[in-house]
Student: 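Quick one: this structure, given as structure tokens, is what I'll be asking you about.
Throughout, a chain's letter reflects where its sequence line sits, starting with A, and its residues are numbered from 1. Everything quoted here is computed from the prediction, not taken from an experiment.
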Amino acid sequence: MCLAIPGCILSTTGDDFSRSARVDFGGVIREVNLAFTPEAHIGDYILVHVGIAIATIDEEEAARVLAALASLNELAAESS
Amino acid sequence: MKHVDEYRAAETVASLADAIARATTQPWIIMEICGGQTHAIMRYGLDQILPKEITLIHGPGCPVCVTPDAYIDKALEIAATPGVIFCSFGDMLRVPGSQGDLLGVKARGGDVRIVYSPLDAVEIARSNPSREVVFFAIGFETTAPANAMAAYTAKREGLCNFSLLVSQVLVPPAMEALLSAPDTRVQGFLAAGHVCTVMGTEAYGPIAMRFDLPIVVTGFEPVDILAGVLACVRALEEGLHDVLNMYGRTVKSQGNAAARALIDEVFEVTEREWRGLGVLPASGLALRSTYAAFDAEARFGPARDIRAAPSPCISGEILRGVCSPLECAAFGASCTPDHPLGVTMVSSEGACAAYYRYRDPTDEVGVVFVHE
Ligand code: SF4
């Protein structure tokens, strides 16, 4: 029910509460409302729940966590 | 798909499982609040790659499951009213009320429609001006912005034929209720990532402090969940009662400001009944008086509790995390997804449905990774 999935903005149209985007979810394109993510632009990844974007994915933070996970993988490889 | 695949990588899953095993020196019981996480844990067999000291118990985080009978019965009554188009998320259609379910109303000729978004229900109201269109606005904080936008849009456009049957609940008060129960087993929480995406993490500090336990915000992919378990185990081992955010790519401490502002414009905090937990103060949202014209309960009468017939279903205990689905005598026997006796078997996010789908109760070892 709280399912939300990331997708990439292809184009945007409208403004304020009617601002919306065509969003690519791994090949499936859907229309998404952008009222709550005024900062999101073409090329950004947004998190979408029931047709509405609830967050713009923070790429820096994602990269930071993935780097930490990569060093965990290295650690595991060394100790095995 | 970026922001999905990297969180399903088998290598990372394995090294996280390893790190959790190394961090664990004693038994710990961790509850994941969100039904979406319960589903992912079962689907990927994550509980089975954890050290045996770590027990994951499943929380009340399935909005379909916690919606009380009174609202299911009200939905059935409204949906059966001539002239009404009743719109709902698909999961609600098979939830049994005291007089059948919405699917039954539809089979008897009621105009019950499954919508993907509350905004689709608004669109149905626009294109059917002579019909009453009612949307079943259930959900946690995650869904509150969309439900608020439906009400806001209807008001702005003066859509007099649209209303919402609101059973909207808030997670932090339910966590407090679970922790206050004398039989609670919870020692650490995995908080619901998308609830926090909307609302932020500020509400959890006082809970962690008061009940002296760690609360870790996590996402929904296997790597997210295991990273959350690792952070939670490390905090438990060190005796910390912090709020940790392991889902920073979407969760900020203040949440989504624009979404919170609209929720606040449309809804006010109120007491709500939760299946399994009873009536909890300040645990839900109701339409503000400025939106009373869009309240289905004002239009069709208030939801009232009709005493249901006795049932073998222990979904209340399951939603509180005090019983496992395997402890229910009906599980897999008289209760299956095709013939569900209770909500936790109906909803794909309910613990009973997740166990039924992904776990063979006769198989002690189980499957480590289940692929579709
Ligand atoms: S298995 Fe069915 S009857 Fe038993 S608790 Fe779950 S939903 Fe209720």
Student: Using heavy-atom distances under 4.5 Å, tell me whether A/I57 contacts chain B through its side chain, its backbone, both, or neither.
Tutor: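 Answer is both: backbone and side chain atoms of A/I57 are under 4.5 Å from chain B.
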Student: If I measure from the heavy atoms of chain A, does B/F89 come under 4.5 Å with its side chain, its backbone, both, or neither?
Tutor: side chain
Student: Is a side-chain donor or acceptor of B/S117 paired with a backbone partner of A/V50 at a separation under 3.5 angstrom?
Tutor: yes
Student: If you measure from CG on B/L119 to CD on A/E31, what distance do you get to the nearest 0.5 Å?
Tutor: 11.0 Å
Student: What residue, out of B/T143, B/T250, B/V251, has the most heavy-atom pairs lying under 4.5 Å from chain A?
Tutor: B/T143
Student: Considering only heavy atoms, which portion of B/K252 lies under 4.5 Å from any heavy atom of chain A: side chain, backbone, both, or neither?
Tutor: side chain
Student: Give, as side chain, backbone, both or neither, the part of B/A19 having an atom under 4.5 angstrom from any heavy atom of chain A.
Tutor: side chain
Student: Please flag which part of B/E349 lies under 4.5 Å from any non-hydrogen atom of chain A: side chain, backbone, both or neither.
Tutor: side chain
Student: Assess the residue pair B/R260 and A/F36 against the criterion (side-chain contact (heavy atoms from CB on, under 4.5 Å)); give the C-alpha distance rounded to whole Å, side-chain angles, the decisive distance to 0.1 Å, and a yes or no.
Tutor: CA-CA 9 Å; B/R260 288 182 72 177; A/F36 300 130; over 6 Å; no
Student: Run the side-chain contact (heavy atoms from CB on, under 4.5 Å) check on A/L47 and B/H3 step by step: do they pass?
Tutor: CA-CA 10 Å; A/L47 186 69; B/H3 295 301; over 6 Å; no
Student: Give the member of A/P6, A/A70, A/G26 that has the highest number of heavy-atom pairs under 4.5 Å with chain B.
Tutor: A/P6
Student: Against chain A, label B/V115 side chain, backbone, both or neither, depending on which of its atoms sit under 4.5 Å from a heavy atom there.
Tutor: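 No part of B/V115 comes within 4.5 Å of chain A.
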Student: Taking the six-membered ring of A/Y45 as reference, does the NZ or CZ atom of B/R249 fall below 6.0 Å from its centre and within a 45° cone about the axis?
Tutor: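 No, cation not above the ring by the 6.0 Å, 45° rule.
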Student: Chain A: which of B/L16, B/V4, B/V64 shares the most heavy-atom pairs with it under 4.5 Å?
Tutor: B/L16
Student: Given that the side chain runs from C-beta out, which part of A/I54 has a heavy atom under 4.5 Å from chain B: side chain, backbone, both or neither?
Tutor: both
Student: Quick check on A/E39: does its CD atom have over 12 non-hydrogen neighbours (other residues, nucleotides or ligands) under 6.0 Å away?
Tutor: yes
Student: Taking side chain as everything from C-beta outward and backbone as N, CA, C, O, which of these in A/L66 sits under 4.5 Å from a heavy atom of chain B? Side chain, backbone, both or neither.
Tutor: side chain
Student: Where does A/N33 contact chain B at under 4.5 Å (heavy atoms): side chain, backbone, both or neither?
Tutor: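 A/N33 touches chain B through side-chain heavy atoms alone.
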Student: If you look at every heavy atom in B/Y116 and A/R30, which pair is closest and at what distance?
Tutor: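 Closest pair (atom of B/Y116, atom of A/R30, distance): CD2-NH2, 3.5 Å.
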Student: Over all heavy atoms of both residues, which pair between A/A35 and B/A258 is shortest? Give the atoms and the distance, please.
Tutor: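 So the minimum-distance heavy-atom pair works out to O-CB, 4.4 Å.
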Student: Pick one of side chain, backbone, both or neither for B/M246, based on which atoms fall under 4.5 Å of a heavy atom in chain A.
Tutor: neither
Student: Is it the side chain or the backbone of B/R156 that comes within 4.5 Å of chain A heavy atoms, both, or neither?
Tutor: side chain
Student: Considering only heavy atoms and a distance below 4.5 Å, find which of B/A146, B/A257, B/A259 pairs most often with chain A.
Tutor: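 Of the candidates given, the most pairs with chain A belong to B/A259.
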Student: Side chain, backbone, both or neither: which part of A/T56 has a non-hydrogen atom closer than 4.5 Å to chain B?
Tutor: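 Just its backbone gets close to chain B.
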Student: For residues B/T142 and A/H49, report the shortest heavy-atom separation together with the two atoms involved.
Tutor: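 What the structure gives for the nearest pair is O-CD2, 3.2 Å.
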Student: Quick one: of B/E141, B/R22, B/E6, B/E11, who has the most non-hydrogen atom pairs under 4.5 Å with chain A?
Tutor: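 Option with the top pair count is B/E11.
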Student: Looking at chain A, which one of B/P118, B/A14, B/S15 has the largest number of heavy-atom pairs inside 4.5 Å, strictly under?
Tutor: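 Of B/P118, B/A14, B/S15, B/S15 has the most heavy-atom pairs under 4.5 Å with chain A.
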Student: Please examine the side chains of A/F17 and B/L262, heavy atoms only from C-beta on, and report whether any two atoms are closer than 4.5 Å.
Tutor: yes
